[in-house]
Amino acid sequence: MIYEHPLAYLLGVEGVALLRSFTGAHDPEFVEARIAEIRRLLDDEALADAAVEVARVETAEGYRIWSGTYDGPNGLFDIDEPIVAEIVGKLPQGVALDAGCGTGRVASALAGRGHRVIGVDSSPDMLDRARARVPQGEFLHGELHRLPVPDDAVDLVVCSLALTHVPALGPAVAEFARVLRPGGHLVITDMHPDGVARGFVPTVRLADGRPGRIATFHHPVGDYLRAALAAGLRLRACEEPRLPRGPRPTEVPATSEAVKVWDVWPWILTSLVPEATDAAHGDTPTMIIWHFDLPG
Ligand SMILES: C[S@@+](CC[C@H](N)C(=O)[O-])C[C@H]1O[C@@H](n2cnc3c(N)ncnc32)[C@H](O)[C@@H]1O
């Protein structure tokens, strides 16, 4: 069980913002405003007893629930798609593996570029949607650390937004290198570890209505690089795209009553303390995107 208390989140954001004043980022007015805001938060009765116990949900179950709405509007897709398109657009057509393919978002784009596409995912429900979306693709049930793909079989592996769900990067990245032909390319997109560390983890509602978060792991930036170097891959590029600064728009009004809408935590919480959020999170990258190749 995960114990989520809105005050813990809000005080944490205020704390990170205040820490930055020790590196000279803020003037005295900002520091005094934060301390006054912390006092108001501590006195707010709506926040005091709003803690929620949240289940940790395994990925297959989490994506069974999410599969029905996954393809709804998702601002993250706008962040990685242009960067992946730029990298992949320079590569020749061949056999492409979409590892952790989900509903086939990347597989569909790769097929559109003329690649023969294989998709692998551990969620049968996400795979059903990928098969419907990309009928010419081959979609296989499997795990990232044990890919049902022979050695030296593909020219390109793309793994988008999936590695954050594996407990260790090494075995999955070694599998990507194993299935790549010499001269092949690997593109990884993932939630940025700084965001994961700040609680940006997907939510689901279980069948009985209980809140849950899909099992997600914090992999520091260097862990991706070390896993790739150990697998014999060579670094070509690394991007850390950010959303524009400022509080995220939400449809729920920014009052402490809004904390009742757990499904939009932590976004709704950040809208209660916009200045602190901007200072604490404003320059945090949203995603991390890697391009490696396997020397021939
Ligand atoms: C956020 S979705 C990303 C889907 C797709 N790549 C995209 O970018 O839209 C994460 C996907 O990774 C899959 N996944 C998570 N852990 C996995 C594992 N260990 N092996 C295979 N697939 C996994 C999930 O089932 C889910 O479909």
Side-chain angles (χ1 to χ4, degrees), residues 1-21 26 29-57 61-63 65-66 68-70 72-76 164-165 191-218 242-287:
M1 226 22 111
I2 306 164
Y3 181 67
E4 296 188 14
H5 197 308
L7 264 182
Y9 192 86
L10 292 163
L11 296 178
V13 171
E14 299 282 0
V16 173
L18 282 170
L19 275 179
R20 296 199 169 183
S21 65
H26 304 301
E29 287 72 33
F30 179 89
V31 172
E32 295 307 326
R34 298 285 63 75
I35 292 170
E37 194 161 61
I38 288 170
R39 289 190 212 283
R40 277 200 304 281
L41 292 168
L42 288 171
D43 287 342
D44 189 329
E45 287 178 12
L47 297 173
D49 57 1
V52 174
E53 288 206 335
V54 179
R56 215 182 286 275
V57 183
E61 173 60 3
Y63 281 97
I65 299 167
W66 196 5
T69 53
Y70 183 82
N74 186 334
L76 288 178
T164 192
H165 294 307
M191 293 306 298
H192 197 282
D194 290 358
V196 174
R198 288 160 196 238
F200 301 163
V201 173
T203 60
V204 287
R205 284 277 174 188
L206 301 176
D208 59 7
R210 277 182 305 137
R213 287 197 192 267
I214 302 180
T216 297
F217 299 87
H218 175 254
R242 293 162 166 77
L243 286 173
R245 273 183 93 98
R248 284 177 143 233
T250 85
E251 285 166 13
V252 185
T255 69
S256 52
E257 285 296 301
V259 300
K260 290 178 184 148
V261 191
W262 170 83
D263 306 72
V264 285
W265 287 12
W267 312 122
I268 192 62
L269 301 177
T270 60
S271 68
L272 297 181
V273 291
E275 270 189 358
T277 296
D278 203 24
H281 292 342
D283 57 359
T284 304
T286 310
M287 292 175 78

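All heavy atoms count here, side chains included; hydrogens, waters and symmetry mates do not. Start at 1 with the first residue, then count along the sequence.
- Across every non-hydrogen atom of I268 and V261, the tightest pair is CG2-O, 4.2 Å.
- Annotation: the span from M191 atom CE to M287 atom CE amounts to 6.5 Å, rounded to 0.5 Å.
- For the pair G212 and W262, the tightest heavy-atom approach, listed with the atom from each and the gap, is O-CH2, 3.4 Å.
- Looking only at distances, no side-chain donor or acceptor of R56 sits under 3.5 Å from a matching main-chain atom of A215.
- Note on ring orientation: taking the six-membered ring where Trp is involved, the planes of Y70 and W66 are perpendicular (angle over 60°, cut-offs 30° and 60°).
- More than 12 heavy atoms of other residues, nucleotides or ligands shown are found within 6.0 angstrom of CD on E61.
- Considering every non-hydrogen atom in both V204 and G62, the closest pair reads CG1-O, 3.8 Å.
- In this structure, R198 contributes its side chain and A280 its backbone to a donor-acceptor pair below 3.5 Å.
- From E14, atom CD reaches atom CG of L19 across 12.0 Å, with rounding to the nearest 0.5 Å.
- Taking OG1 from T277 and CG from L10, the interatomic distance works out to 8.0 Å, rounded to the nearest 0.5 Å.
- Between the side chain of R20 and the backbone N or O of A279 there is at least one donor-acceptor pair closer than 3.5 Å.
- Summarising the geometry, atom CD1 belonging to I38 is positioned 12.0 Å from atom CG belonging to D43; distances are rounded to the nearest 0.5 Å.
- Listed for the H281 side chain is no donor-acceptor partner under 3.5 Å among the backbone atoms of A276.
- By the ring-ring contact (aromatic ring centres under 6.0 Å, His included) test, F217 is found to be paired with no residue, residues two or more places apart in sequence or in another chain being considered.
- For the side-chain contact (heavy atoms from CB on, under 4.5 Å) test, residues two or more places apart in sequence or in another chain that qualify with T216 are T164, H165, V196, V201, P202.
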(message) Apply side-chain contact (heavy atoms from CB on, under 4.5 Å) to residues L11 and L42 and explain how you reach the verdict.
(response) CA-CA 9 Å; L11 296 178; L42 288 171; 4.0 Å; yes

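- Across all non-hydrogen atoms, the minimal contact from P6 to L269 is CB-CD2, 3.9 Å.
- In this structure, S21 and F30 have side chains that are not in contact, with every pair of non-hydrogen atoms separated by 4.5 Å or more.
- For the salt bridge (charged side-chain N to carboxylate O under 4.0 Å, His left out) test, residues two or more places apart in sequence or in another chain that qualify with E37 are R34, R40.
- The CG atom of L41 sits 13.0 Å away from atom OH of Y9, with the distance rounded to the nearest 0.5 Å.
- Here the shortest heavy-atom pairing between A50 and V259 reads CB-CG2, 3.9 Å.
- Across all non-hydrogen atoms, the minimal contact from D283 to R242 is O-NE, 2.9 Å.
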